[in-house]
Amino acid sequence: MELDKKKRSEISSPDSPALKELCASLHQLAIDLEIPEENGLCKWPKTQLDLCAKYGVFKWFLEEKDGGFGWSDQDLTLGYLALGSACQTTTFVITQRTGACQKIAQSLNDYARSQLIPNLLRGTHFSTIGISHLTTSKQHLGQPVLRAMKTQKGFMLNGFTPWVTGAAHADTIVVGAECEDGRQIIMVVPTHIPGVKIVPADQLVAFSSSQTSRVNFEKVEVDIKWLLVGPARNVMGRRIGGQTGGYQTSTLALGLARAAIEFILGESQTREDLVVPAEALKSQWYTLRETLLNSVSGREVANAEYLRQECNSLVLRATQSSLVIAKGTGFLSSHPASRWCREALFFLVWSSPQSLINRQLYQLAEVLPD
Ligand SMILES: Cc1cc2nc3c(=O)[nH]c(=O)nc-3n(C[C@H](O)[C@H](O)[C@H](O)COP(=O)(O)OP(=O)(O)OC[C@H]3O[C@@H](n4cnc5c(N)ncnc54)[C@H](O)[C@@H]3O)c2cc1C
């Protein structure tokens, strides 16, 4: 295929012209995603991820000492904004892959780092993550869904991780589990070891091509050499092991909003009645972009939950405006406006702590919090 033959230069900064080139390819390739194939699954974005590897995208997220480019948080945000407006599915998969890479790279486990990081940087190894059951999923059940028991060799895992993006394509999954005494661990689990059962991915409202699925663990004994963090209390709150959320979800929401706003601005060139709403959405987008960049760079830190709520509001309004403008034609599932609307709904459920869910609900119900 033409896309694979071309020689590419790595994107070493967000101003690189190669970033525009990559985004144009991702935008074009997005048309093939979200359409169920003969096996009932939507196409996994393999071509897109291979392209990202060739352009050096996976190096953005790791420090120079680990072989990465060590991009600043501001540059990463600019990179994600560009990728997110070109193809949300690929960008979302990259966030989950990066979550796994960073947990491996930031761990004190030299074995896991030396075995995995070089191939993760090259894009020849795919690792993903299943940790939401320690933070935002299954919290109301009052008991852990994935249990870890210490054995002579390492840890025995029993239970499941409810959500793992790209599980069927993963060589390894970074998972969180809870021990009997309430302490938690984060481990790398090679997907080929006995007892790892990847449940076929369901059709989703959007991002079906991310092939996100549940993974069952039936007496899976994982060697101690793969332990990244713990056993310790609240591993997700610790510095090593990483926190949830941050500004990443807001960044992807703004990336998607940009795609919809660019469409509306394009239409407003020939439809005068669209100019005022198009300009209003554009101006709100630039204001939020500035707040986001100030926050990630530490210049003027905004409350992450407040910013997330504002970005969610903009992405929902911008994508729905694109549908209003595209009218019945936009309602065809193949039209980008309908895809953007579906994708925007994801920001209502992705990595949302209870406090954010409450804020969101009050806003939707148009009730002021006490
Ligand atoms: C497309 C997609 C991809 C994802 N990818 C990943 C990934 O790669 N890695 C990862 O770690 N996570 C991933 N997640 C998980 C995500 O970040 C959230 O954790 C998840 O969306 C939370 O939803 P839940 O249904 O699991 O929440 P839950 O809180 O478990 O809710 C489950 C059900 O229980 C009900 N419920 C909730 N609270 C209560 C209550 N108090 N009382 C009674 N019933 C209740 C809800 O109504 C809901 O129907 C992904 C999610 C999606 C949708």
Side-chain angles (χ1 to χ4, degrees), residues 33-34 41-42 44-45 49 84 87-104 126-146 157 159-178 184-189 191 196 198-217 228-229 235-237 241-253 256 304-305 308 312 339 342-358 360-361 364:
L33 299 176
E34 300 301 294
L41 295 174
C42 294
W44 170 247
L49 294 170
C87 178
Q88 276 281 312
T89 302
T90 306
T91 313
F92 171 63
V93 172
I94 292 174
T95 64
Q96 304 310 93
R97 183 189 193 283
T98 300
C101 292
Q102 289 179 334
K103 290 216 171 10
I104 296 164
F126 181 68
S127 192
T128 180
I129 194 151
I131 47 159
S132 59
H133 50 288
L134 298 187
T135 54
T136 53
S137 179
K138 309 289 170 241
Q139 299 305 292
H140 60 290
L141 298 180
Q143 52 178 324
V145 295
L146 186 60
L157 301 181
F160 67 95
T161 50
W163 303 97
V164 182
T165 290
H169 302 272
D171 302 293
T172 51
I173 308 176
V174 170
V175 300
E178 193 165 313
Q184 298 169 335
I185 56 168
I186 297 182
M187 275 196 116
V188 173
V189 180
T191 49
V196 178
I198 295 159
V199 174
D202 280 317
Q203 279 292 113
L204 303 168
V205 173
F207 301 115
S208 293
S209 285
S210 74
Q211 297 194 9
T212 298
S213 64
R214 168 176 163 145
V215 179
N216 293 330
F217 295 82
L228 298 181
V229 186
V235 286
M236 293 303 295
Q243 288 91 353
T244 52
Y247 296 107
Q248 179 178 270
T249 40
S250 299
T251 308
L252 261 68
L256 176 56
E305 261 186 27
R308 169 89 192 264
N312 278 7
R339 192 183 75 233
R342 292 193 303 275
E343 289 175 346
L345 293 174
F346 181 55
F347 296 98
L348 295 175
V349 301
W350 183 21
S351 196
S352 301
Q354 194 57 46
S355 48
L356 178 71
I357 292 173
N358 293 346
Q360 198 75 67
L361 210 48
L364 288 170

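As the structure lists them, so they are numbered: ligands from 1, and atoms in each ligand from 1. No hydrogens, no waters, no symmetry mates; every other heavy atom, side chains included, goes into these values.
When each of I185, L228, V229 is checked for a side-chain contact (heavy atoms from CB on, under 4.5 Å) with V235, only V229 meets the rule.
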Between C42 and T89, does a side chain to side chain contact (heavy atoms under 4.5 Å, CB included) hold up when you go through it step by step? CA-CA 11 Å; C42 294; T89 302; over 6 Å; no

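Every residue two or more places apart in sequence or in another chain was checked for a salt bridge (charged side-chain N to carboxylate O under 4.0 Å, His left out) with E34, and none qualifies. A search for side chain to side chain donor-acceptor pair (under 3.5 Å) contacts involving N358 returns Q354, not counting sequence neighbours. Annotation: salt bridge (charged side-chain N to carboxylate O under 4.0 Å, His left out) contacts of R339 (sequence neighbours excluded): E343.
Remark: aromatic rings of W350 and F207 are distant, center separation not under 6.0 Å.
For ligand 1, the 4.0 Å heavy-atom shell contains residues F92, Q96, I129, G130, I131, S132, T136, S137, K138, H140, W163, V164, T165, L204, T212, F346, V349, W350, S351.
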